[in-house]
Amino acid sequence: MTKSVINLAPQDAFNFLQKNPQAVLIDVRSEMEFLFVGHPKEALTIPWRDDPDWEINPDFLCRVRRATSLNRPVLLICRSGHRSLEAGQYLQANGFSAVYNVAHGFEGDLNDQHRRSSLNGWRFDGLPWEQI
């Protein structure tokens with residue numbers, strides 16, 4: 001039976017990273033999102049899907065393996081938690097055992113006005129982030 005990806009609220013993900021220094025936080029958004037929207041401090045950027053065609057990054061698995069190992073906890077984050085969940089399932093299918101998804105992602109869910117960062121998410125929760 002395949003273990004499912006564990007969802008962590010942003011604050012719980014931050015606390016997990018503080019308690020587990022061997023864990024790796026990977027931002028799976030596009031490089032443009034990572035740079036211009038901002039990202040959690042100390043997150044690595046390894047896009048799951050990227051411009052121009054939004055196809056699955058053929059180097060994703062190789063880059064994640066280089067950045068971590070099969071036995072280190074891997075936390076994945078994207079804009080709202082959907083891409084990172086998909087990427088986490090892919091990593092589990094390829095041998096990773098400790099995979100976590102940051103629920104609501106960096107920007108969070110859309111509010112009634114179709115705006116993000118107003119209901120939930122890493123940035124909404126006031127967790128450390130930066131913008132280049």
Distance col, row L110:CG vs Q113:CD, nearest 0.5 angstrom, shows 10.5 Å
Evaluate the side-chain proximity of L8 to N101: yes if any heavy-atom separation is below 4.5 Å, no if none is. no
Over all heavy atoms of both residues, which pair between D27 and A43 is shortest? Give the atoms and the distance, please. CB-CB, 4.4 Å
So how far is it from E107 CD to S118 OG, rounded to the nearest 0.5 Å? 10.5 Å
Specify whether Y90 and W48 have parallel, tilted or perpendicular ring planes, treating 30° as the upper limit for parallel and 60° as the lower limit for perpendicular. tilted
Do you know which of V5, V102, L76 makes side chain to side chain contact (heavy atoms under 4.5 Å, CB included) with L85? V5
Rounded to the nearest 0.5 Å, what separates atom CZ in R66 from atom CG in L44? 12.0 Å
Any side-chain heavy atom of R83 sitting closer than 4.5 Å to one from R79? yes
Would a 4.5 Å heavy-atom cut-off, applied to side chains only, mark R72 and V24 as touching? yes
Is F96 close to R65 at the side-chain level, that is, under 4.5 Å between some pair of heavy atoms? yes
Inter-residue atom distance N111.CG - L119.CG, 0.5 Å rounding: 5.5 Å
Q22 versus P73: any side-chain heavy-atom pair under 4.5 Å? yes
If we only count heavy atoms from C-beta on, is the I46 to V28 side-chain gap below 4.5 Å? no
With hydrophobic residues grouped by side-chain heavy-atom distances under 4.5 Å, do W129 and L17 end up in a single group? yes
Hey, what do you get for CD1 (I6) to OH (Y100), rounding to the nearest 0.5 Å? 4.5 Å
Identify the heavy atoms of F60 and P47 that sit nearest to each other, and give their distance. CD1-O, 3.4 Å
What residues form a ring-ring contact (aromatic ring centres under 6.0 Å, His included) with F34, not counting sequence neighbours? H39
Work out which heavy atom in R123 is nearest to a heavy atom in V37; give both atom names and the distance. NH1-O, 3.0 Å
Where is the tightest heavy-atom contact between S80 and G108, given as atom of each residue plus distance? CB-O, 3.9 Å
If we only count heavy atoms from C-beta on, is the Q11 to L127 side-chain gap below 4.5 Å? yes
Which atom of Q92 lies closest to which atom of S97, heavy atoms considered: NE2-O, 4.4 Å
Provide the closest heavy-atom pair for P10 versus G105 in the form atom of the first, atom of the second, distance. CG-O, 4.4 Å
How long is the straight-line distance from OG1 of T45 back to CG of D50, given to the nearest 0.5 Å? 7.5 Å
Within-4.5 Å side-chain heavy-atom neighbours: F14 and P40: no
Kindly say whether P128 contributes a backbone atom to a donor-acceptor pair with the side chain of W122 at under 3.5 angstrom? yes
Tell me if a side-chain donor or acceptor on D53 pairs with a main-chain N or O of E55 at a distance below 3.5 Å. no
Going through the distances and angles, do L75 and I26 end up as a side chain to side chain contact (heavy atoms under 4.5 Å, CB included)? CA-CA 6 Å; L75 283 78; I26 299 174; over 6 Å; no
